[in-house]
Amino acid sequence: MTDTKPDDAAIETTMLGLVTARGADKTVCPSEVARALGGPHPDGWGPLMQPVRRVAVRLAHAGRIAILRKGKPVDPDDFRGIYRLALPAGSSGPGSQSGV
């Protein structure tokens, strides 16, 4: 068993890959990002949920993803409960990312 946790860059790459693959008007559960990195067992992905949220907030501030609750965008600094991740409104996917 290893104690190596994915860093923020790995979380960001995985998150952006999943929302891009899902496409416009579709969402990804944050646990999907955590499971992709930590494996199927809750002991692997569970501890990644807070880092995933932290990266999601940073990417939402940068306009690279949208954080949704009940299908509506939320303020990245002020949301609670269950949320989903998506491409920002009007985004066309990977081509919309600048500086990559």
Side-chain angles (χ1 to χ4, degrees):
M1 188 168 174
T2 179
D3 289 330
T4 306
K5 283 188 185 177
D7 62 6
D8 284 1
I11 294 170
E12 176 178 323
T13 299
T14 301
M15 185 179 296
L16 290 171
L18 286 171
V19 298
T20 300
R22 193 67 45 100
D25 300 325
K26 303 281 188 215
T27 62
V28 171
C29 181
S31 68
E32 290 179 67
V33 179
R35 287 172 205 262
L37 294 161
H41 195 279
D43 289 348
W45 63 265
L48 296 174
M49 291 303 291
Q50 281 303 318
V52 164
R53 182 183 176 105
R54 187 174 58 245
V55 170
V57 167
R58 182 171 51 78
L59 291 175
H61 278 294
R64 298 182 72 191
I65 66 163
I67 299 173
L68 308 175
R69 255 187 68 67
K70 299 182 180 178
K72 297 187 185 336
V74 297
D75 177 349
D77 293 323
D78 186 29
F79 69 98
R80 301 175 111 172
I82 298 169
Y83 65 101
R84 304 282 295 180
L85 306 169
L87 291 171
S91 174
S92 59
S96 66
Q97 297 175 12
S98 60
V100 175

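For reference, positions follow the sequence shown, starting with 1. A quick note: this is a predicted structure, and the numbers were derived from the prediction, not measured.
- The shortest heavy-atom contact between P47 and P42 is CD-O, 3.7 Å.
- Annotation: salt bridge (charged side-chain N to carboxylate O under 4.0 Å, His left out) contacts involving residues 23-35, sequence neighbours excluded, comprise R22-E32.
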Pairs under 3.5 angstrom only: tabulate donor-acceptor contacts from the side chains of residues 72-79 to other protein residues two or more places apart or in another chain.
| unit_1 | atom_1 | unit_2 | atom_2 | d |
| --- | --- | --- | --- | --- |
| D75 | OD1 | D77 | N | 2.9 |
| D77 | OD1 | H61 | NE2 | 2.9 |
| D77 | OD2 | H61 | NE2 | 3.3 |

Next item on the list: Using the side chain to side chain contact (heavy atoms under 4.5 Å, CB included) rule, take R58 and D8 through it: C-alpha gap first, then chi angles, then the decisive distance, then the call.
Entry: CA-CA 10 Å; R58 182 171 51 78; D8 284 1; 4.2 Å; yes
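- D7 is linked by a side-chain contact (heavy atoms from CB on, under 4.5 Å) to A9, A10, counting only residues two or more places apart in sequence or in another chain.
- When all heavy atoms of A60 and I67 are compared, the pair lying nearest together is CB-CD1, 3.9 Å.
- In this structure, W45 belongs to a hydrophobic cluster whose other members, linked by side-chain heavy atoms under 4.5 Å apart, are M49.
- For I65 against V19, the heavy-atom pair with the smallest separation is CG2-CG2, 4.1 Å.
- Here the CD1 atom belonging to I11 is positioned 14.0 Å from the CZ atom belonging to R53, to the nearest 0.5 angstrom.
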Checklist line | Steps toward side chain to side chain contact (heavy atoms under 4.5 Å, CB included) verdict (E12, R64) | finding: CA-CA 10 Å; E12 176 178 323; R64 298 182 72 191; 3.0 Å; yes
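- The nearest pair of heavy atoms linking P6 to L48 is CD-CD2, 3.6 Å.
- For the pair M15 and V52, the tightest heavy-atom approach, listed with the atom from each and the gap, is CE-O, 3.4 Å.
- Nearest approach of L68 to A86, heavy atoms of both residues: CD1-CB, 3.8 Å.
- Shown here are the side-chain hydrogen bond (donor to acceptor under 3.5 Å, both in side chains) partners of R84, two or more places apart in sequence or in another chain: T27.
- Linking Ile, Leu, Val, Met, Phe, Trp and Tyr whenever their side-chain heavy atoms come within less than 4.5 Å puts L18 and L85 in one cluster.
- Not counting sequence neighbours, T14 has no partner by the side-chain hydrogen bond (donor to acceptor under 3.5 Å, both in side chains) test.
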